[in-house]
Amino acid sequence: MKLFSFQSAAALAFAAQSVNVAEAKNGFDVFKYVDPLIGTSNGGHVFPGATLPFGMAKAVADINDPDEKEGGFASGDSDITGFSHMHDSGTGGAPSLGNFPLFPQSGCPGDDINNCFFTKTDRASQRMNNTVEAHPGYFAITLNTSIHTEMTVSNHTALYRLTFPKNAVNAQNVTLPNSPLILFDLTDLPDSRINGSMAVDGKTGRITGSGTFNPSFGLGTYDLHFCADFSGAKIRDTGVFTNNRGGSNPKSVKIVPNGNSPPVPAGAWTQFEQSPNDQILVRVGVSFMSPDQACHNAEKEVPDFGFNKLLKSAEDVWREKLSVIEVDATGVSDELQTVFWSGTYRAMISPQDYTGENPLWKSDEPYYDSYYCIWDSFRSIHPLITLLDPHSQTLMVRSLIDVYRHEGKLPDCRMSLCKGFTQGGSNADVVLADSFLKNITDDVDWATGYEAVVSDAEDEPLDWSVEGRGGLTSWKTLGYIPTDDFDPYGGGPFTRSISRTVEYAYNDFCIAEMAKGLGNMADAEKYLQRSDNWKNMYKADQTSFVSNTTDYPNSTVDSGFVGFLQPRYLNGTFGFQDPSLCSPLYNFTSCYLNADGHETYEGSSWMYTFYVPQDMATIVTTLGGPSKFVERLSYLHTSGLLYIGDEQAFLPVFQFHYGARPALSAYFSHFYIPSQFNTSTSGIAGNDDSGAMGSFTTLSMMGLWPVPGQDVYLITPPYFPEVSVTNGKTGKKATVRNIGFDPSYEAIYIQSATLNGKPYTKSWITHSFWLEGGVLELTLGKNESSWGTADADLPPSSSTSWSSS
Ligand SMILES: *[C@@H]1O[C@H](CO)[C@@H](O)[C@H](O)[C@H]1NC(C)=O
Ligand SMILES: *[C@@H]1O[C@H](CO)[C@@H](O)[C@H](O)[C@H]1NC(C)=O
Ligand SMILES: *[C@@H]1O[C@H](CO)[C@@H](O)[C@H](O)[C@H]1NC(C)=O
Ligand SMILES: *[C@@H]1O[C@H](CO)[C@@H](O)[C@H](O)[C@H]1NC(C)=O
Ligand SMILES: *[C@@H]1O[C@H](CO)[C@@H](O)[C@H](O)[C@H]1NC(C)=O
Ligand SMILES: *[C@@H]1O[C@H](CO)[C@@H](O)[C@H](O)[C@H]1NC(C)=O
Ligand SMILES: *[C@@H]1O[C@H](CO)[C@@H](O)[C@H](O)[C@H]1NC(C)=O
Ligand SMILES: *[C@@H]1O[C@H](CO)[C@@H](O)[C@H](O)[C@H]1NC(C)=O
Ligand SMILES: *[C@@H]1O[C@H](CO)[C@@H](O)[C@H](O)[C@H]1NC(C)=O
Ligand SMILES: *[C@@H]1O[C@H](CO)[C@@H](O)[C@H](O)[C@H]1NC(C)=O
Ligand SMILES: *[C@@H]1O[C@H](CO)[C@@H](O)[C@H](O)[C@H]1NC(C)=O
Ligand SMILES: *[C@@H]1O[C@H](CO)[C@@H](O)[C@H](O)[C@H]1NC(C)=O
């Protein structure tokens, strides 16, 4: 138990004055249940700072712990090195963005500029414990220097309110002159800056700058610019710094790469007279176009430095975004409600709207970025955005198609205007098909969209590590990606032959659906056939021994299941990869992108053998029929073979529907929530990947799990008595209601259902439910029933329900 120091109590008092979150509507305040700090420790890498939905400006305090600083800030007690204006959330790779951090000091000891701290290392400061405060649109924290920092944002501008202590002392208890200094550093979170410049205006104190940086999970470089203005105190002096020395002259600094030496710390500073109310506001505009545009963005969006006003408008935008969902939460714990709403919030942080900020090409189309990465987001983030905010999803789809128009391929991952690394298939195909099937139509050029997905399937790029697919010649002639592929047509990591094969197969199925919808039946049949290619890597007699860590730590026991996807060579013979390799039971982390030579990506063949979303009917038969299939899928979940913290694990939670056991999908949804998803700062199972974990909890708890890339939602009971979504396009409200809701979640099995009053026996429903509105009523019981188990009621599979008309 720690006592508050004098300063931190004072800081808490500031915070209490400044934030007015209780803007309840009908007594329900959704912000009560949004905790942006979930996922800010233990590798969640969540960005907990101030942002608008899909906004470009994302302000937060940046820390210096290399394992935790990916999203800028993390809970814990690592030191804070600054406050920066753009971030990505939940990344699994390197820290991203965090450019041009500012850092405030109350004064320089002895009033000598060179006694202030300039470099990241020198200025790193502890936080005051228990001073973090995070709400949608707002973040605050107090440094150990007693400077209280608050931040809010508009689309391209961060606004900071810094409150300085009246009688600051430094660590040696030396009283500091009350003459605040605020510096901007020409750096970013990953320390990737190559070159750049910064200048300060001696009269106004305005600081502008530009830098060239590397993207965090991709190729090339990007240029970013900023423009900072101050309000609240008289300018006293200005200057620049390099390394740990500062001076009033010159007023600008330019940095180029210096041989092999590490990037030189450099930047600019503005120093102030004592502020009359001890507050200084710092407005920071950002732009990928130019410093001028950064200034223009800031002047336009935040003309008056009104912090409370800007905060209010950010809060309003979030309340409105979240208001499309209504829940009756009677009996539901605050904990679960917080998991639900916080996850929903996190799923709307990215991709980021950089429309008007793309220097790469001129276009009237929207431009979104930070698809980080589509391999993660196609599975549930985009389906959730489609459901809650179809307009934004429409803009994103148009933007993806525009990337194809100007760069020749759809991205699989994209950040900071650069091509990011492809992890498996060309999964933008799934995003496009999903939207195509769900009436995402307004101003979408679907002819070009179709051309883009066909390009993925037909034309191998020279560098398929960042776009498209590799091995297309083998794909077309042999029907799989050989483990020892001969591919002189392009280059990329020649690994992951199993997972690429199943992902390419599903990508082709998605193309077939679009072809069918566009009336191109010849293409539809062609890609439908290719979607069967997964069969070519299935080795029917493959057994699997798994380590049984719980009881017999190092022994292996026969799982009893036979038939797994296996490596396969050009000559048609099979190789061997232990089916449990890269599951949590065996060399869990050996299948990352840079790991050599494994044939499944971030998961085991055990898991990938279930990845046939286009034709579950055939995989059910292949694995021995419904009961053996269900037994195997249950084993995947209960044996420790599956890690729910990676997105591929989401769909298998609900695939029991295909084995005619929808009750088990409900059971396993509750198996993971809340045990792996809770409201602690370490309350998500893996890194969040731009909100993927959040979208998993939201969609699971809403009860209708979308099979991405298909017009199919698998029905399980919501975790609430009732949940409704008002469609942003049609204005219609769709409600899923539980009859006999049981807050202890023992009665989670559907006994019967009605849709708009009529009996409904199918275990799945289409997007038209959400578009047209209506009421789906589920009667629950404690025992499994026969509801949704008849052959005719199973969700569709290509081998059983594909019709050519
Ligand atoms: C703040 O924390 C930093 C990093 O631990 C430390 O070096 C510095 O002395 C502290 N400053 C004060 C005023 O306590
Ligand atoms: C905050 O708490 C941690 C331990 O939880 C402690 O190490 C650290 O010194 C505290 N920081 C301050 C500024 O008191
Ligand atoms: C911010 O951007 C969104 C689109 O991402 C737009 O709808 C909204 O109007 C913008 N807000 C302001 C204040 O310009
Ligand atoms: C700091 O100095 C003040 C007076 O200058 C003194 O009252 C106080 O006890 C000192 N604090 C510490 C921690 O030494
Ligand atoms: C960095 O140098 C490159 C190559 O000279 C140049 O194109 C780029 O504009 C420079 N970046 C900045 C921010 O000045
Ligand atoms: C799909 O969108 C179109 C155009 O916005 C609209 O006319 C149509 O009613 C929508 N379809 C459904 C099923 O809502
Ligand atoms: C481990 O193996 C033993 C012996 O075969 C078995 O009794 C036990 O149930 C297994 N435990 C798990 C977690 O599979
Ligand atoms: C299991 O293997 C590990 C690593 O080889 C070893 O450290 C550990 O002692 C073994 N445990 C048992 C129970 O044999
Ligand atoms: C097929 O190719 C693999 C990999 O090069 C090789 O190990 C295997 O012996 C070959 N099989 C036959 C039957 O040639
Ligand atoms: C499993 O990991 C160990 C230790 O890193 C390594 O030596 C071994 O080669 C790995 N096995 C496989 C099949 O990758
Ligand atoms: C909260 O979630 C984390 C991440 O999945 C998990 O490790 C932890 O055990 C959970 N905590 C509780 C109390 O369930
Ligand atoms: C539910 O199943 C249990 C255990 O199989 C059984 O004892 C009970 O009678 C069943 N309840 C109903 C309502 O069928």
Side-chain angles (χ1 to χ4, degrees), residues 2-11 105-111 115 125-126 128-129 142-147 164-178 470-471 473-475 477-488 493-498 500-501 536-542 564-578 581 596-600 605 627 630-631 634 656 660-668 670 717 738-742 744-753 778-789:
K2 280 202 187 313
L3 297 173
F4 289 132
S5 68
F6 164 73
Q7 289 98 328
S8 67
Q105 295 168 69
S106 285
C108 308
D111 208 19
N115 289 337
S125 299
Q126 285 191 301
M128 271 185 181
N129 289 320
T142 306
L143 300 176
N144 68 352
T145 54
S146 301
I147 299 172
F164 294 85
K166 277 207 187 309
N167 303 301
V169 293
N170 72 2
Q172 288 74 41
N173 203 21
V174 173
T175 301
L176 300 174
N178 194 329
T473 302
S474 295
W475 185 247
T477 55
L478 297 174
Y480 58 100
I481 299 299
T483 300
D484 59 345
D485 198 16
F486 172 61
D487 182 2
F494 285 91
T495 55
R496 305 159 293 139
S497 57
I498 293 173
R500 282 165 58 213
T501 291
N536 296 323
M537 289 189 101
Y538 179 76
K539 188 161 181 280
D541 61 357
Q542 182 60 55
F564 291 90
L565 297 173
Q566 282 294 291
R568 194 171 186 194
Y569 300 115
L570 270 165
N571 61 17
T573 59
F574 279 101
F576 174 72
Q577 178 176 307
D578 188 306
L581 181 73
D596 43 313
H598 290 308
E599 302 314 323
T600 50
S605 153
S627 69
V630 165
E631 199 190 318
S634 304
F656 294 98
R661 299 286 297 276
L664 288 178
S665 297
Y667 172 84
F668 279 100
H670 288 274
N738 285 322
I739 307 292
F741 175 72
D742 168 14
S744 70
Y745 300 114
E746 282 172 36
I748 53 168
Y749 304 115
I750 299 172
Q751 309 295 304
S752 64
L778 310 172
T779 300
L780 307 185
K782 290 189 177 171
N783 287 358
E784 191 171 352
S785 79
S786 62
W787 175 86
T789 63

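Every number for a ligand or one of its atoms is a count from 1 in the order of the listing. Any value given below was found using the heavy atoms of this structure, including those in side chains, with hydrogens, waters and symmetry copies removed. Note that this is a predicted model, so its numbers are computed, not measured.
In this structure, Phe668 and Phe656 have parallel ring planes: the angle between them is below the 30° cut-off, well short of the 60° mark.
Residues Arg661 and Ser627 are not in side-chain contact: their nearest non-hydrogen atoms beyond the backbone lie 4.5 Å or more apart. The shortest side-chain heavy-atom distance between Ile750 and Leu780 falls under the 4.5 Å cut-off.
In the displayed structure, Asn167 atom CG is contacted under 6.0 Å by at most 12 heavy atoms of other residues, nucleotides or ligands.
Polar contact check, Tyr569 against ligand 9: no nitrogen or oxygen pair lies under 3.5 Å apart.
Neither the backbone nor the side chain of Leu570 has any atom closer than 4.0 Å to an atom of ligand 9 (non-hydrogen atoms only).
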Give one line per pair: atom of ligand 4, protein atom, distance. Only N/O to N/O under 3.5 Å.
from: ligand 4; atom 1: 2 (O); to: Asn173; atom 2: ND2; distance (Å): 2.4
from: ligand 4; atom 1: 11 (N); to: Asn173; atom 2: ND2; distance (Å): 2.9
from: ligand 4; atom 1: 14 (O); to: Asn173; atom 2: ND2; distance (Å): 3.2

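No donor-acceptor pair closer than 3.5 Å links the side chain of Arg568 to the backbone N or O of Tyr538. When atom types are taken as modelled, the side chain of Asp487 and the backbone of Thr473 share no donor-acceptor pair closer than 3.5 angstrom.
Looking only at atom types and distance, the side chain of Ser605 has no donor-acceptor partner in the side chain of Gln577 under 3.5 Å away. Counting only N and O atoms by type, the side chains of Thr779 and Gln751 include no donor and acceptor under 3.5 Å apart.
Here is the list of ligand 9 atoms found below 4.0 Å of a heavy atom in Thr573: 1 (C), 10 (C), 11 (N), 13 (C). In the vicinity of Asp484, heavy-atom distances shorter than 4.0 Å reach the ligand 9 atoms 4 (C), 5 (O).
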